[in-house]
There are 2 protein chains.
Amino acid sequence: MEVTVAEDQLIDLRKKLEIFFDGNEKHHEFCPVRDIMDRFGDKWSLLAILNLGNSGKIRFNELKGKIEGISQRMLTVTLRSLERDGLITRTIYAEVPPRVEYELTQLGKGLLQQIMELAQWASNSMDEIMKARMDYDSKLQ
Amino acid sequence: MEVTVAEDQLIDLRKKLEIFFDGNEKHHEFCPVRDIMDRFGDKWSLLAILNLGNSGKIRFNELKGKIEGISQRMLTVTLRSLERDGLITRTIYAEVPPRVEYELTQLGKGLLQQIMELAQWASNSMDEIMKARMDYDSKLQ
DNA sequence: CCGAATCCTAGATGATACTG
DNA sequence: CAGTATCATCTAGGATTCGG
């Protein structure tokens with residue numbers, strides 16, 4: 001499969017890039033792209049968002065069951081971080097034993113959509129990437 | 001700013017999700033999304049791709065100059081990894097002193113486009129995220 | 001049930017020195 | 001110029017234990 005990018009499309013890309021990245025050594029202070037990448041560049045945030053999008057309201061341990069291999073600690077840490085950024089809500093019910101439900105906010109759903117776009121690209125490009133890796137590795141003897 | 005997601009849109013999202021993520025405990029072996037995330041979840045890949053997209057063909061040290069704070073070692077590591085995945089090409093010129101030029105492949109340009117979409121969302125959502133963070137932090141006393 | 005606190009390790013990154 | 005090699009550091013994440 002070939003991805004084609006026309007020259008004028010690239011020029012447009014470059015124009016957009018200047019919004020976020022500035023080669024002229026100015027305002028490196030803050031980059032929203034970097035910030036978002038850090039947000040789900042970690043090990044679990046992405047999976048948490050995907051599962052929350054798939055489930056609507058969901059309880060802590062129910063979510064834990066859906067995310068293969070995550071520890072209790074990391075689920076807590078991940079959810080706190082997502083909550084802090086306003087991507088999910090956390091609702092505590094005053095019951096015994098306690099019940100806590102998580103749900104994507106509108107903002108979180110927006111991010112989920114972006115992730116889905118990326119996922120689509122990833123899925124479409126996977127074969128090409130895997131082939132490139134095999135080619136590369138085979139050339140190292 | 002409000003992001004609105006219609007119910008049918010969400011249903012569509014869920015359908016897409018099932019391509020990559022399966023709550024029913026099957027084929028966890030390989031997730032292309034996870035793989036792509038790992039690709040630029042590291043510290044420098046994203047910046048490298050952005051700068052390569054901005055520059056066309058570019059030499060090692062020239063690129064190093066554009067990426068604020070990157071070490072020689074990490075630029076090498078990052079570029080090797082991108083090359084392995086077929087996202088960039090590496091061209092060596094048999095000269096003294098040596099000259100090596102890097103450039104995005106079509107595949108790499110495709111990824112760049114995806115990143116730009118994400119960047120656009122990130123940029124648009126930044127204010128809302130920052131506000132959520134301040135609200136959250138202020139409630140911890 | 002949900003989570004906080006603690007301790008610990010692997011892997012990612014940085015600093016530095018050396019080379020074709 | 002464009003790397004490699006080595007060593008030091010730093011942090012995300014896992015295991016475990018305790019508590020409301």
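Counting only distance, with no hydrogens or angles, the side chain of A:Ser81 and the backbone of A:Val77 share no donor-acceptor pair below 3.5 Å. Judged by distance alone, with hydrogens and angles left aside, the side-chain atoms of A:Ser138 form a donor-acceptor pair with the main-chain N or O of A:Asp135 at under 3.5 Å. Here the side chain of A:Ser123 pairs no donor or acceptor atom with the backbone of A:Ala119 at under 3.5 angstrom.
Separating the CZ atom of B:Phe60 from the C1' atom of C:dG20 is a distance of 15 Å, rounded to the nearest angstrom. Remark: P of D:dG13 and CD1 of A:Ile67 are 13 Å apart, rounded to the nearest angstrom. Straight-line distance from the CG atom of A:Leu47 to the C1' atom of D:dA12: 16 Å, rounded to whole Å. Atom CD1 of A:Ile70 and atom P of D:dG14 are 8 Å apart (whole Å). The distance between atom CD1 of B:Ile58 and atom P of D:dA2, rounded to the nearest whole Å, is 10 Å. Computed from coordinates, the A:Tyr93 OH to C:dG3 P distance equals 13 Å when rounded to whole Å. Rounded to whole angstrom, the span from the CG atom of B:Asp42 across to the P atom of D:dT11 amounts to 17 Å. When rounded to the nearest whole Å, the span between CD of A:Glu95 and P of C:dC1 equals 13 Å.
Judged as a salt bridge (charged side-chain N to carboxylate O under 4.0 Å, His left out), not a single pair has a partner in residues 43-56 of chain B (not counting sequence neighbours).
The side chain of A:Lys64 places no N or O atom within less than 4.0 Å of a non-bridging phosphate oxygen (OP1 or OP2) of C:dG3. Regarding contacts with the backbone of D:dG3, a side-chain N or O of B:Arg90 is found under 4.0 angstrom from either OP1 or OP2.
Nearest nucleotide to the B:Tyr102 side chain, out of C:dC1, C:dG3, D:dG3: D:dG3. Taking every side-chain heavy atom of A:Arg59 into account, C:dC1 is the closest of C:dC1, D:dG3, C:dG3.
Relative to the ring axis of A:Tyr93, A:Arg99 places its NZ or CZ within 45° and under 6.0 Å from the centre.
Listed by residue number, the members of residues 71-88 of chain B with any heavy atom below 4.0 angstrom from DNA chain D are B:Gln72, B:Arg73, B:Thr76, B:Arg80.
The two residues B:Leu82 and B:Ala48 have their closest heavy-atom pair at CD1-CB, 4.0 Å. The shortest heavy-atom contact between A:Arg80 and A:Tyr102 is NH1-OH, 3.6 Å.
Axis deviation across the helix from C:dC1-D:dG20 to C:dG20-D:dC1 amounts to 50°, comparing end segments of five pairs, rounded to 10 degrees.
Within the 4.5 Å cutoff, the side chain of B:Leu107 has heavy atoms near those of the A:Ser125 side chain.
There is a path of hydrophobic side-chain contacts, each under 4.5 Å, that joins B:Ile92 to B:Leu75.
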